[in-house]
Protein chains: 2
Amino acid sequence: MKTQQNDAGGDAGKVQVQDPLGEQAPEPVASKPLSPRDRVIQDVVRGLYEGRLEPGQRLVEAQLTEQYGISRGPVREALNRLAAMGVVDLLPQRGALIRILTLKDAIDSLQVVQGLVGMSARLAAEHSSDDEGLERLQHAAADIMRFDPASPSADHAKARDAFYSALTAMADNAALRRVMMQVHIHLIRVQFRSLLRTADRRRHRDYTDIVEAVAAGNSSRAERAARAHIGRSISALEAFRAAEKPA
Amino acid sequence: MKTQQNDAGGDAGKVQVQDPLGEQAPEPVASKPLSPRDRVIQDVVRGLYEGRLEPGQRLVEAQLTEQYGISRGPVREALNRLAAMGVVDLLPQRGALIRILTLKDAIDSLQVVQGLVGMSARLAAEHSSDDEGLERLQHAAADIMRFDPASPSADHAKARDAFYSALTAMADNAALRRVMMQVHIHLIRVQFRSLLRTADRRRHRDYTDIVEAVAAGNSSRAERAARAHIGRSISALEAFRAAEKPA
DNA sequence: AGCACTAGAATCGTAGGACAATTTCGGTAT
DNA sequence: ATACCGAAATTGTCCTACGATTCTAGTGCT
């Protein structure tokens, strides 16, 4: 018997455009009954966080229909959405499987993330007068620090996402928010957490630096700090690549 | 149990992800019979280029099923994909409509595009030894110049896309390619072409500058040129915003 | 044994019909 | 004109079905 549990995370409230992975609403209000399709999407993503799903694992339609007690239509729609998000690969006539990132894929992604997060930090700093956003950001940063860098957990990953989410929200750029959702940093971490552990050591200071720069409204310092932060992860992966294939 | 295979270092056999809007194959060979779903996607996007579809226009499922002679399943999947691409907005219980960009949306997007294209140009310049890619880029640039800046056309838009596509391809960064497909510059142009006309005057020189810097392997100059190019569009829109709401 | 080949099983992509829930529209009453 | 109400349109989902493609495993040949 499959144990798909109910919702735990909040979800967006007022947005018109649907957004299964949206940020949690500030208000603890009603979690309305999620549509079947969105339930699948949420649960797959959550499954990645929780380690329930592994890269390369196949997602068979028939299996999902049974697991969630829904029909193929919504399942297929969910898989399409997940594919568009870059969470799964959809192979023609062969179904969906959790996306496998090569080392190059991961580095490529992080380079893009570096640019995007840097931009987020810069824009966020330019909006340092947004007290509410700033508070959320500080709260998110403080939240992350509670976790032990050595032992990864789903909550840890969520906290990290909340931080980036707060940062991006503060940047107040819808397009940026959109593409940030697409890069899915957590996918990278899921697959390469062992390699990223060394990079995680400076984490605390990194987050502090970013938050401080943003709070101070120092946009270029914020951008630099954010880029440096991601840069550490990139370096870790590149060091490994160099060691692996010294070609 | 996990039927997992390799992880990090390993190169997981290269999967061919489907890509309805992908670049057209360089070879004029077989146009494989597109799946119904992809046909819809392609045609909607093409419709935007050609002005057949307008922002805000509703896409009714029943209408599409008839128009393409397919059933609702594929239609709904196509709409989901288009929504994930940011081409349409999907309103719960109300269907899909071609996305309407506010002026702020457009500026936000262009700011992101500026970062991404700048990055593309920089990476492309770092791969200036890629003769094939370079040739494609030069060809694409030459192609654009054939069009009259004053009279927009679908072919013109396609040529422009081909240029960015070539640039991004040369950057050799899968993640970058992925997010570039997401920002959909053409959507912006479709809605704001009148405002962008002034920015288009320097176009020829802009493209030449970018191509030259890339060819010369001068990455920072390439990035600067690319950012400047997009920057002109941003300025045009911001000037208009300032004029509209001087609040 | 080892390998090519083929039949069957599994799975996908799509069709088509049905129905409740929700939104939109048109007409009627105030 | 405005408010209200019921009919029509539209979406979200379920179900069944079937050809096409891929995977699996067993058969037969060298």
Side-chain angles (χ1 to χ4, degrees), chain A residues 2 4 7 11-20 30-44 56-84 87-99, chain B residues 1 3-5 12-20 30 32-44 53 56-84 87-99:
Chain A
K2 303 294 130 91
Q4 100 250 19
D7 51 81
D11 59 63
K14 58 256 177 139
V15 224
Q16 294 199 316
V17 207
Q18 53 189 179
D19 172 10
S31 55
K32 66 227 107 213
L34 225 43
S35 88
R37 185 199 62 195
D38 291 350
R39 232 175 39 214
V40 174
I41 295 179
Q42 253 202 4
D43 195 58
V44 168
Q57 184 169 337
R58 287 195 62 184
L59 298 179
V60 182
E61 287 180 11
Q63 197 176 297
L64 297 176
T65 60
E66 196 186 328
Q67 180 173 344
Y68 296 98
I70 62 181
S71 72
R72 283 179 69 200
V75 167
R76 288 180 58 82
E77 288 181 18
L79 291 178
N80 271 295
R81 291 294 266 260
L82 289 167
V87 173
V88 306
D89 275 344
L90 225 41
L91 311 177
Q93 305 292 348
R94 311 221 288 115
L97 61 166
I98 306 288
R99 183 164 163 218
Chain B
M1 53 213 45
T3 66
Q4 245 49 67
Q5 71 302 25
K14 48 177 11 185
V15 275
Q16 41 173 334
V17 192
Q18 53 186 183
D19 174 10
K32 53 246 132 193
L34 224 42
S35 87
R37 185 199 61 194
D38 291 349
R39 229 176 34 210
V40 175
I41 295 179
Q42 251 201 4
D43 195 57
V44 168
L53 297 176
Q57 183 170 339
R58 287 193 63 181
L59 298 179
V60 181
E61 288 181 10
Q63 197 174 297
L64 297 176
T65 61
E66 195 186 329
Q67 179 173 345
Y68 296 98
I70 62 182
S71 73
R72 283 180 67 199
V75 166
R76 289 179 59 81
E77 289 182 21
L79 291 179
N80 271 291
R81 290 295 265 262
L82 289 167
V87 173
V88 306
D89 275 345
L90 224 41
L91 309 176
Q93 303 290 350
R94 312 219 290 115
L97 62 167
I98 306 288
R99 184 166 162 218

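Within every chain, numbering begins at 1; the chains are lettered A, B, ... in the order of the sequence lines, protein sequences first and strands thereafter.
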Whole-Å distance, B/Q63 CD to C/dT24 C1', equals 16 Å
Spacing of B/S35 atom OG and A/Q93 atom CD [to the nearest 0.5 Å]: 9.5 Å
Against the side chain of A/R72, the closest entry in D/dT13, C/dG16, C/dC12 is C/dC12
B/R76 side chain N/O closer than 4.0 Å to the phosphate oxygens (OP1, OP2) of D/dG12? yes
Give B/G95 one of three labels, base, sugar-phosphate or nothing, depending on what nucleic acid heavy atoms sit under 4.0 Å from its own. sugar-phosphate
Minimal non-hydrogen separation, A/P74 against A/R37, with atom names: O-CG, 3.7 Å
Value rounded to 0.5 Å, distance of CG in A/N80 from CZ in B/R76: 11.5 Å
Would you kindly give the CD1-to-P distance between B/I41 and C/dG13, to the nearest whole Å? 13 Å
State whether B/R94 places a side-chain N or O below 4.0 Å from either non-bridging phosphate oxygen (OP1 or OP2) of D/dT11. no
Closest non-hydrogen atom pair, B/Q42 against B/L34: OE1-CD2, 3.3 Å
Rounding to an integer number of Å, can you tell me how far B/L97 CG sits from D/dT10 C1'? 14 Å
Expressed in angstrom and rounded to an integer, what is the separation of B/R58 atom CZ from D/dT11 atom C1'? 9 Å
For B/A62 and A/P74, find the nucleotide of DNA chain D closest to each by heavy atoms; which residue's nucleotide sits nearer the 5' end? B/A62
If you only use heavy atoms from C-beta on, which nucleotide in D/dT10, D/dC15, D/dT21 is closest to the side chain of A/S71? D/dC15
Can you spot which of B/L64, B/V87, B/I41 makes a side chain to side chain contact (heavy atoms under 4.5 Å, CB included) with B/L79? B/L64
On DNA chain C, more 5' by nearest nucleotide between B/Q93 and B/E77 is B/E77
Send over the distance from B/L90 CG to D/dT10 C1', rounded to a whole Å. 13 Å
Spacing of B/E61 atom CD relative to C/dT14 atom P, expressed in whole Å: 15 Å
B/P36 side chain: which of C/dT14, C/dT22, C/dT11 is closest? C/dT14
Atom CG of B/L91 to atom C1' of D/dT11: distance rounded to whole Å? 12 Å
